[in-house]
Amino acid sequence: MTNAPFPSVQAREERASLKGPDGRPIRVLVVDDESTLAELVGLALRYEGWDVRTAGDGMTALAIARDFRPDLAVLDVMLPDIDGLEVLRRLRTDMERMPVLFLTARDDVNDRIAGLTAGGDDYVTKPFSVEELVLRLRALLRRSHVALTSDSSMVAVGDLTLDEDSREVHRGGELIQLTATEFELLRFFMRNPKRVLSKAQILDRVWNYDFGGQANIVELYVSYLRKKIDAGRAPMIHTMRGFGYVLKPAV
């Protein structure tokens, strides 16, 4: 994958959010035996507001799908047990309309042809940009009429609200002024509530590249946010020593 595993701020703001037909978040199943890649893809899709489950092999994916009932699947062709083509065949027995995007090796034309012939709707080749992957998935959802477009730009966690259009943030009804970087950091936290985010993940999302030895930039900006979000209130931003940070509703 490229060094920018999350959609750019501009691209994110240009796209309306997508919801399931009943207004619930889009459900996506990501299947890849490279756990780091699956996690990064999942994190990027959760940032879109989607509900994501990941699996590292075909049989686990099928077991998850039975209960999860995904709207969309991202399948690696090469898996350690049954391959992605067989996973697709079994999924389609009772989820005929579910769009599927295959992940294939860069030079393996046969995998691409086999995936599309087996009923896959699209494919991307590794290494890939997650920005491109998200755009492809959105296009699949629209073409398949699985999703509805929502104009809501509000994100809320507890008494903290963030408007992605007006870029206004309120806590307990009080307006909080943030810089552009502070806003992006808070948006990333609020798009992933109760989820521990590492410094590396935060660097990739907010600054779009690796600062190398300057990971303390994350600590600095988290401290800025805390002074504005948590000052004089029950804390929402918590440090998980050795792991990263998490934002959750105040107790």
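Numbering of residues begins at 1 and proceeds along the displayed sequence.
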Tell me yes or no: between the side chains of Tyr123 and Arg136, is some donor less than 3.5 Å from an acceptor?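 Per modelled atom types, Tyr123 and Arg136 side chains form no pair under 3.5 Å.
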Salt bridge (Lys or Arg N to Asp or Glu O under 4.0 Å) between Lys227 and Glu182, worked out: CA-CA 11 Å; Lys227 290 176 182 177; Glu182 290 167 353; over 6 Å; no
Val130 and Leu45: CA distance, side-chain angles, deciding distance, side chain to side chain contact (heavy atoms under 4.5 Å, CB included) verdict: CA-CA 9 Å; Val130 173; Leu45 298 183; 5.8 Å; no
Can you find a heavy atom in the side chain of [X] that is under 4.5 Å from one in the side chain of [Y]?
X	Y	value
Thr104	Lys126	no
Leu103	Val77	no
Val52	Val41	no
Leu43	Phe188	yes
Ile26	Asp51	no

Which is it for Arg46 and Arg191 under the side chain to side chain contact (heavy atoms under 4.5 Å, CB included) test, yes or no, and what are the steps along the way? CA-CA 7 Å; Arg46 291 184 185 99; Arg191 282 290 185 182; over 6 Å; no
When rounded to the nearest 0.5 angstrom, what distance separates [atom1] in [X] from [atom2] in [Y]?
X	Y	atom1	atom2	answer
Glu164	Met190	CD	CE	9.0 Å
Leu79	Asp33	CG	CG	6.0 Å
Leu137	Glu48	CG	CD	9.0 Å

If you measure from the Lys or Arg side-chain nitrogens to the Asp or Glu carboxylate oxygens, is any gap between Arg66 and Asp94 under 4.0 Å?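 No.
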Applying salt bridge (charged side-chain N to carboxylate O under 4.0 Å, His left out) as the test, list every pair that has at least one member in residues 231-242; sequence neighbours left out.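 Checked against salt bridge (charged side-chain N to carboxylate O under 4.0 Å, His left out) - neighbours excluded - the pairs reaching residues 231-242 are Glu174-Arg233.
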Under 3.5 Å donor-acceptor, [X] side chain and [Y] backbone:
X	Y	value
Arg92	Met98	yes
Arg171	Ile229	yes
Glu86	Asp83	no
Asp163	Ser166	yes
Lys228	Ile176	no

Asp67: side-chain hydrogen bond (donor to acceptor under 3.5 Å, both in side chains) partners, not counting sequence neighbours: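 Asp67 satisfies side-chain hydrogen bond (donor to acceptor under 3.5 Å, both in side chains) with no residue once adjacent residues are dropped.
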Could you list the residues that satisfy side-chain hydrogen bond (donor to acceptor under 3.5 Å, both in side chains) with Thr239, not counting sequence neighbours?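 Thr239 satisfies side-chain hydrogen bond (donor to acceptor under 3.5 Å, both in side chains) with Arg226 only.
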Under the side-chain contact (heavy atoms from CB on, under 4.5 Å) test against Phe102, which residue among Val124, Leu85, Asp121 passes?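 For Phe102, the side-chain contact (heavy atoms from CB on, under 4.5 Å) check succeeds only for Leu85.
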Using the side chain to side chain contact (heavy atoms under 4.5 Å, CB included) rule, take Arg27 and Leu72 through it: C-alpha gap first, then chi angles, then the decisive distance, then the call. CA-CA 7 Å; Arg27 293 190 292 252; Leu72 181 68; over 6 Å; no
N/O donor to acceptor pairs below 3.5 angstrom from side-chain atoms of residues 55-62, sequence neighbours left out:
{"residue": "Asp57", "atom": "OD1", "partner": "Met59", "partner atom": "N", "Å": "3.2"}
{"residue": "Asp57", "atom": "OD1", "partner": "Thr60", "partner atom": "N", "Å": "2.8"}
{"residue": "Asp57", "atom": "OD1", "partner": "Thr60", "partner atom": "OG1", "Å": "2.9"}
{"residue": "Asp57", "atom": "OD2", "partner": "Thr60", "partner atom": "OG1", "Å": "3.1"}

Taking only residues two or more places apart in sequence or in another chain, which ones pass ring pair (Phe, Tyr, Trp, His ring centres under 6.0 Å) with Phe68?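 So Phe68 forms no ring pair (Phe, Tyr, Trp, His ring centres under 6.0 Å) with any residue.
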Tell me every residue that passes ring pair (Phe, Tyr, Trp, His ring centres under 6.0 Å) with Tyr245, counting only those two or more places apart in sequence or in another chain.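 Testing Tyr245 for ring pair (Phe, Tyr, Trp, His ring centres under 6.0 Å), a comparison that skips the adjacent residues, returns none.
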Would Leu197 and Phe243 count as a side chain to side chain contact (heavy atoms under 4.5 Å, CB included) here? Give the steps. CA-CA 7 Å; Leu197 301 173; Phe243 296 97; over 6 Å; no
If you take all heavy atoms of Lys199 and Val218, which pair is closest and at what distance?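 Minimum heavy-atom contact is O-CG2, 4.0 Å.
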